Visitor: 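Dropping a structure here in structure tokens format, bear with me for questions.
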Protein chains: 2
Amino acid sequence: MTVQVMIADDSALFREGLAVLLERAGFTVTGLAGDGETLAGLVRARPPEVAVVDIRMPPSYTVEGLELAIRLRREHPSVAVLLLSNHVETHHAGELFGGAPHRTGYLLKDRVGAPDELADALHRVAAGQTVLDPTVVARLVSRPREPGPLDRLSPREREVLTLVAEGRSNQGIADLLGLTQKTVEGYVRGIFGKLGLTDTAADNRRVLAVLRYLRG
Amino acid sequence: MTVQVMIADDSALFREGLAVLLERAGFTVTGLAGDGETLAGLVRARPPEVAVVDIRMPPSYTVEGLELAIRLRREHPSVAVLLLSNHVETHHAGELFGGAPHRTGYLLKDRVGAPDELADALHRVAAGQTVLDPTVVARLVSRPREPGPLDRLSPREREVLTLVAEGRSNQGIADLLGLTQKTVEGYVRGIFGKLGLTDTAADNRRVLAVLRYLRG
DNA sequence: TTTCCCTCGAGGGATAACCCTGGGGTTCCG
DNA sequence: CGGAACCCCAGGGTTATCCCTCGAGGGAAA
């Protein structure tokens with residue numbers, strides 16, 4: 001008997017192409033969706049054995065697919081989920097693979113060399129295994145990543161830094177947060193210190209802090 | 001008789017999926033390639049009627065496909081070229097559509113709602129027409145884009161701004177450019193003026209200028 | 001409890017970053 | 001020959017951004 005599979009991907013072209021490829025590989029495609037909400041409805045109506053889920057989808061175009069995967073895992077534990085993304089999204093990925101990694105997979109579109117590889121991965125997750133791209137594994141095991149200077153900031157300091165990075169003045173930040181300009185100055189000084197920005201005549205620490213913040 | 005088509009796309013999954021979709025739509029897929037160079041070789045050996053080319057491909061992952069399209073247009077004028085990209089790359093696109101836009105197309109993967117739309121577009125470019133996504137058209141006609149505030153900067157001002165955006169102080173910039181700190185101040189003031197950054201107590205103009213610069 | 005960090009504020013001071021005006025020079029264009 | 005723009009500099013001023021130190025209050029951990 002064939003394995004039933006559903007697909008969620010915002011690109012109609014990719015979605016349809018994938019459907020045909022999987023049918024050729026012996027799967028039965030029982031549902032196609034362009035966003036997470038639609039797929040959730042399809043799954044609820046007729047749960048397939050495995051769902052292929054893209055991560056970046058409408059409406060948020062950020063980590064919608066990851067949230068959908070977590071939700072499917074909770075509401076329909078029998079449905080295997082294979083995430084298929086362009087990039088590695090480690091941020092919320094740990095949440096998904098931390099608890100029960102069974103029947104779950106995460107592959108990168110660019111690193112799937114042939115349709116057969118995907119078909120094989122689908123069979124494996126449907127059978128209960130966990131399928132991870134080596135790149136994803138590397139990112140997951142290296143988490144929690146060694147704390148960068150930005151992680152050493154206190155919550156309030158981080159809040160101030162985001163406003164600094166929006167181009168606010170110290171006074172403007174004070175008004176927004178209901179603080180004194182003096183207090184904001186203190187936070188800014190603390191931020192510089194924790195970011196390792198020593199006082200030099202050649203550069204502007206405020207801009208440097210903004211750059212560090214923007215670069216992650 | 002069926003239309004012969006070749007496909008270049010770095011994603012094997014997308015490439016293969018597209019191939020089966022097109023074959024279902026009545027095309028004959030005579031070649032698949034994962035990068036531009038490979039496709040150029042295939043085209044040289046057995047020129048198809050139309051080539052579907054992704055823009056971001058190895059090895060540069062920038063505008064390889066655009067360069068390939070221009071090259072195909074020159075070396076094999078009889079081969080229609082349909083660019084299929086994720087984003088609009090206006091920068092070198094004008095070069096392609098400026099001269100002879102016949103047998104050329106540019107569609108966005110996300111905006112192709114159904115495989116039939118792509119099939120239709122392929123038939124049209126193979127017939128000599130030009131097929132452009134409305135979004136692409138809008139970008140092309142608005143080029144040269146109305147000069148943004150950044151374009152009004154003088155060369156020297158732009159030079160100063162890039163150094164400001166690297167976190168340099170006025171003195172540091174003066175040292176690097178062999179100027180006086182006073183002169184740099186003058187440029188910075190000019191930059192603020194041209195960027196329309198008026199003096200307000202709520203924000204830091206230097207950071208705002210950096211943000212504008214970074215956002216292109 | 002002691003200790004530490006976070007939060008918030010203050011006084012007092014240094015200086016970098018800004019404003020203004022004015023002046024030199026060049027090039028290019030009408 | 002004017003303008004007009006760019007490039008470069010200077011004097012003299014205001015203020016925001018930084019420095020230092022000191023302190024109060026709270027919560028969390030040792």
Side-chain angles (χ1 to χ4, degrees), chain A residues 144 146-214, chain B residues 144 146-214:
Chain A
E146 71 286 346
L150 281 175
D151 302 290
R152 296 192 46 236
L153 298 181
S154 74
R156 204 55 162 168
E157 285 169 338
R158 204 183 319 274
E159 208 168 344
V160 169
L161 181 53
T162 71
L163 292 173
V164 168
E166 289 175 4
R168 314 281 186 171
S169 68
N170 289 348
Q171 184 59 55
I173 295 171
D175 294 344
L176 284 174
L177 297 182
L179 301 177
T180 314
Q181 184 250 20
K182 275 292 188 185
T183 303
V184 174
E185 286 182 7
Y187 284 126
V188 170
R189 224 177 322 128
I191 292 169
F192 290 163
K194 291 187 179 178
L195 293 186
L197 300 174
T198 61
D199 192 0
T200 63
D203 32 41
N204 182 306
R205 317 236 277 309
R206 181 175 272 249
V207 172
L208 285 178
V210 170
L211 293 178
R212 297 250 182 129
Y213 175 80
L214 294 178
Chain B
E146 70 286 345
L150 280 176
D151 301 292
R152 296 191 48 235
L153 298 181
S154 75
R156 203 56 162 171
E157 284 170 339
R158 203 183 319 276
E159 209 168 344
V160 169
L161 181 52
T162 70
L163 292 173
V164 167
E166 289 175 4
R168 313 281 185 171
S169 68
N170 289 350
Q171 184 59 54
I173 296 171
D175 293 344
L176 283 173
L177 297 182
L179 301 176
T180 315
Q181 184 251 21
K182 276 291 188 184
T183 302
V184 175
E185 285 183 6
Y187 284 127
V188 171
R189 229 179 316 129
I191 292 169
F192 289 163
K194 290 187 180 178
L195 293 186
L197 300 173
T198 61
D199 192 0
T200 62
D203 31 41
N204 182 305
R205 315 234 279 309
R206 182 174 272 250
V207 172
L208 286 178
V210 169
L211 294 177
R212 296 247 182 132
Y213 176 80
L214 293 178

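Because the structure is predicted, anything quoted here is derived from the model rather than measured. Below, read A as the first sequence line, B as the second, and so on, with proteins coming before strands; counting in each chain starts at 1.
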Visitor: Reckon B/T183 touches a base, only the sugar-phosphate, or nothing at all at heavy-atom distances under 4.0 Å?
Guide: base

Visitor: Under a 3.5 Å cutoff on both atom distances, Watson-Crick or G-U, what's the dot-bracket for DNA chain D ([ ] crossing, | other strand)?
Guide: ||||||.|||||||||.|||||||||||||

Visitor: As an exercise, state the distance from CG of A/N204 to CD1 of B/I173, rounded to the nearest 0.5 Å.
Guide: 8.5 Å

Visitor: For a quick test of your reading: what N or O donor-acceptor pairs under 3.5 Å do the side chains of residues 206-213 of chain B make, sequence neighbours left out?
Guide:
unit_1: B/R206; atom_1: NH1; unit_2: B/R168; atom_2: O; d: 3.0
unit_1: B/R206; atom_1: NH2; unit_2: B/N170; atom_2: OD1; d: 2.1
unit_1: B/R212; atom_1: NH1; unit_2: B/L195; atom_2: O; d: 2.8

Visitor: Under the side-chain hydrogen bond (donor to acceptor under 3.5 Å, both in side chains) test, which residues partner B/T162, sequence neighbours left out?
Guide: none

Visitor: D/dC8 phosphate, OP1 or OP2: any side-chain N/O from B/T180 under 4.0 angstrom?
Guide: no

Visitor: To the nearest 0.5 Å, how far apart are CG in B/D199 and CZ in B/F192?
Guide: 9.5 Å

Visitor: Under the criterion side-chain contact (heavy atoms from CB on, under 4.5 Å), I'd like the reasoning laid out for A/L161 against A/R158: C-alpha separation, chi angles, the key distance, then a yes or no.
Guide: CA-CA 5 Å; A/L161 181 53; A/R158 204 183 319 274; 5.6 Å; no

Visitor: Measure all distances between protein nitrogen or oxygen atoms and nitrogen or oxygen atoms of nucleotides 4-7 of chain D, and list the pairs falling under 3.5 Å.
Guide:
unit_1: D/dC6; atom_1: OP1; unit_2: B/K194; atom_2: NZ; d: 3.3
unit_1: D/dC7; atom_1: OP1; unit_2: B/R156; atom_2: N; d: 3.0
unit_1: D/dC7; atom_1: OP2; unit_2: B/S154; atom_2: OG; d: 2.4

Visitor: Atom pairs under 3.5 Å, N or O on each side, protein against nucleotides 27-30 of chain C: can you list them with distances?
Guide:
none

Visitor: Can you tell if the side chain of B/V160 reaches within under 4.5 Å of the side chain of B/L153, non-hydrogen atoms only?
Guide: no

Visitor: When you measure from the side chain of B/S169 to the backbone N and O of A/A201, does any donor-acceptor pair fall under 3.5 Å?
Guide: yes

Visitor: Among residues at least two apart in sequence or on other chains, which ones pass side-chain hydrogen bond (donor to acceptor under 3.5 Å, both in side chains) with B/E159?
Guide: B/R156

Visitor: Should A/V184 and A/L177 count as side-chain neighbours, where that means a heavy-atom distance under 4.5 Å?
Guide: no

Visitor: So, taking the atom named CZ in A/R205 and the one named CD1 in A/I191, what distance separates them when rounded to the nearest 0.5 Å?
Guide: 12.0 Å

Visitor: What are the atom names and distances for every N/O pair under 3.5 Å that joins the protein to nucleotides 16-18 of chain D?
Guide:
unit_1: D/dT17; atom_1: OP1; unit_2: A/N170; atom_2: N; d: 3.4
unit_1: D/dT17; atom_1: OP2; unit_2: A/N170; atom_2: N; d: 3.2
unit_1: D/dC18; atom_1: OP2; unit_2: A/R206; atom_2: NE; d: 2.9
unit_1: D/dC18; atom_1: OP2; unit_2: A/R206; atom_2: NH2; d: 3.3
unit_1: D/dC18; atom_1: O3'; unit_2: A/R205; atom_2: NH2; d: 3.2
unit_1: D/dC18; atom_1: N4; unit_2: A/E185; atom_2: OE1; d: 2.9
unit_1: D/dC18; atom_1: N4; unit_2: A/E185; atom_2: OE2; d: 3.3

Visitor: Are there any protein N/O atoms within less than 3.5 Å of an N/O atom in nucleotides 24-30 of chain D, and if so, which ones and at what distance?
Guide:
none

Visitor: Restricting to side-chain hydrogen bond (donor to acceptor under 3.5 Å, both in side chains), what partner residues turn up for B/E157, sequence neighbours left out?
Guide: B/S154, B/K194

Visitor: Looking at residues at least two apart in the chain, or sitting in another chain, which of them share a side-chain contact (heavy atoms from CB on, under 4.5 Å) with B/T183?
Guide: B/L179, B/T180, B/Y187

